[in-house]
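Because the structure is a prediction, the values reported are computed rather than measured. Counting begins at 1 with the first residue of the sequence. Computation of the quantities below employed the complete heavy-atom set of this structure, encompassing side-chain atoms and omitting hydrogens, waters and symmetry-equivalent molecules.
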Amino acid sequence: MARLRIRHETIYAYERPVAFAQHRLLLRPRDSHAIRVMDAVLTVSPPGETRWLYDALGNSVCCFTPGGQSRALSITSELVIERYPAQLADPRVEDPQTATPIVYAPQDRTVLAPFIDPATEDADGDLLRWLRGQVGSPHEPALELILRLNQTIHDTFEYQPRDLGAAQEPSHTVRLGAGTCRDFAWLMVEALRRLGYAARFVTGYLYSPAHGEMRGAGATHAWCEAFLPDLGWTEFDPTNALAESGDLIPVAVARTPLEATPISGAIYGDPGATNMAVHVDVRPVDSLQAAA
């Protein structure tokens, strides 16, 4: 078990004062057997009305409407969590349905259906051609195939950090041969769906004691979850070739990256020039106490 302190600060600066519509914040993990939220403080400026709810996928959502007008919007989430990783070591999966192609039990498939159907187009077939090159023996166990795909994306695509913008279409990532964590996660999600797997997009944080060691540290991070018989929802991070790692701290899951945006909302008025700064810091609680 690791006890971690997470600080996620987002600041929007506008050239002219604006008013604010409701914002949707996905900043707090839901308590589970893998994560326990020990403390959570949300600081916002300008202040406004907040309301918490669980969405259809069980994500913890804060609906926040800033009051009045302002030339800046600041949202800071501070968390203390306990992370209980379940290492993917010697899983001893004996279910014969875990061979490729995967077969889900009827009761599971009913629930998983929205995560099996691809959500993107591949008009020129770039994604499909790339995917055909990754498929091995039809007798390869599903877990081995996914681990191999996870490693292949890490090894063969160039990592290019990008603070702003939506996730690229998977076919575009294949053509470009490069992307950031959300592009790689979305590529893996849509690739697995085309192979018949249930997969979903995950957003959260990455713990890296030395930021240079892992791609995506110091910012929000994204990865993929695939559903496997006997194992359930299992985490795969193609950006860093991680699987079921305690360094991954999930906050929200969704069918598409757009639905997993950490902060989304709208403003009223002409803001003029706009700037956004995001900073994420994840560190052990013990290190902060020692420094004090």
Side-chain angles (χ1 to χ4, degrees), residues 57 88 98 100-102 104 112-122 125-136 140-162 165-206 214-217 219-229 231-245 247-261:
L57 290 173
L88 194 63
T98 58
T100 307
I102 198 163
Y104 292 121
L112 297 172
F115 302 100
I116 297 175
D117 292 334
T120 59
E121 299 294 331
D122 184 27
D126 296 303
L127 175 57
L128 188 57
R129 279 191 293 273
W130 174 80
L131 185 56
R132 283 172 177 160
Q134 312 308 317
V135 177
E140 182 177 21
L143 180 57
E144 291 183 16
L145 183 150
I146 298 177
L147 286 170
R148 185 165 56 79
L149 185 64
N150 195 50
Q151 188 71 49
T152 296
I153 295 174
H154 171 268
D155 292 345
T156 61
F157 285 79
E158 181 184 354
Y159 176 69
Q160 296 179 343
R162 189 177 75 254
Q168 297 171 170
E169 291 288 292
S171 57
H172 179 73
T173 300
V174 169
R175 288 193 299 271
L176 191 62
T180 193
C181 63
R182 56 189 177 278
D183 305 321
F184 298 157
W186 191 217
L187 168 61
M188 188 163 180
V189 167
E190 286 290 272
L192 289 175
R193 287 172 177 172
R194 282 169 167 79
L195 293 175
Y197 291 86
R200 59 190 186 183
F201 187 89
V202 188
T203 184
Y205 306 113
L206 176 66
M214 286 202 210
R215 303 165 171 176
T220 54
H221 194 53
W223 57 95
C224 164
E225 281 187 349
F227 191 87
L228 296 170
L231 294 179
W233 286 112
T234 306
E235 297 174 324
F236 300 93
D237 175 16
T239 303
N240 294 290
L242 300 175
E244 282 297 302
S245 169
D247 294 329
L248 299 172
I249 305 165
V251 172
V253 297
R255 183 168 181 264
T256 68
L258 182 62
E259 297 164 318
T261 304

Quick one: [atom1] on [X] to [atom2] on [Y], what's the gap to the nearest 0.5 Å?
X: Glu225; Y: Leu248; atom1: CD; atom2: CG; value: 9.5 Å
X: Asp122; Y: Leu128; atom1: CG; atom2: CG; value: 6.0 Å
X: Arg132; Y: Leu127; atom1: CZ; atom2: CG; value: 10.5 Å
X: Leu231; Y: Glu244; atom1: CG; atom2: CD; value: 8.0 Å
X: Asp247; Y: Leu242; atom1: CG; atom2: CG; value: 6.5 Å
X: Leu192; Y: Leu187; atom1: CG; atom2: CG; value: 9.0 Å

Looking at [X] and [Y], what are the two nearest heavy atoms and their distance?
X: Ala119; Y: Thr256; result: CB-CG2, 4.0 Å
X: Asp117; Y: Arg255; result: O-NH2, 3.1 Å
X: Gly196; Y: Ile102; result: O-CG2, 3.7 Å
X: Met188; Y: Phe236; result: CE-CB, 3.7 Å
X: Trp186; Y: Gln168; result: CD1-O, 3.3 Å
X: Ala198; Y: Trp233; result: O-CZ3, 3.7 Å

Taking the side chain as every heavy atom from C-beta outward, state whether Asp183 and Leu176 have any pair of such atoms under 4.5 Å apart.
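Asp183 vs Leu176: side chains apart.
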
Please list all pairs passing the side-chain hydrogen bond (donor to acceptor under 3.5 Å, both in side chains) test where one or both residues lie in residues 141-153, with sequence neighbours left out.
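Listed by first then second residue: Glu140-Arg148, Gln151-Asp155.
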
Derivation of the side chain to side chain contact (heavy atoms under 4.5 Å, CB included) call for Thr220 and Tyr205:
CA-CA 5 Å; Thr220 54; Tyr205 306 113; 4.1 Å; yes

Between [X] (side chain) and [Y] (backbone), is there a donor-acceptor pair under 3.5 Å?
X: Thr156; Y: His154; value: no
X: Tyr197; Y: Ile146; value: no
X: Arg129; Y: Gly133; value: no
X: Arg162; Y: Gly179; value: no
X: Arg215; Y: Tyr159; value: no

Would Trp223 and Thr239 satisfy side chain to side chain contact (heavy atoms under 4.5 Å, CB included), going step by step from the backbone distance to the final call?
CA-CA 8 Å; Trp223 57 95; Thr239 303; over 6 Å; no

Using the salt bridge (Lys or Arg N to Asp or Glu O under 4.0 Å) criterion, which residues pair with [X]? Sequence neighbours excluded.
X: Arg182; result: none
X: Glu235; result: Arg83
X: Asp237; result: none

Kindly write out the residues that satisfy side-chain hydrogen bond (donor to acceptor under 3.5 Å, both in side chains) with Thr120, not counting sequence neighbours, or none if the list is empty.
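So Thr120 forms a side-chain hydrogen bond (donor to acceptor under 3.5 Å, both in side chains) with Glu190.
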
Could you list all the salt bridge (charged side-chain N to carboxylate O under 4.0 Å, His left out) pairs where at least one residue sits in residues 167-177, not counting sequence neighbours?
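For residues 167-177: Asp126-Arg175.
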
Show the numbers, then the answer: is there a side chain to side chain contact (heavy atoms under 4.5 Å, CB included) between Leu206 and Ile249?
CA-CA 6 Å; Leu206 176 66; Ile249 305 165; over 6 Å; no

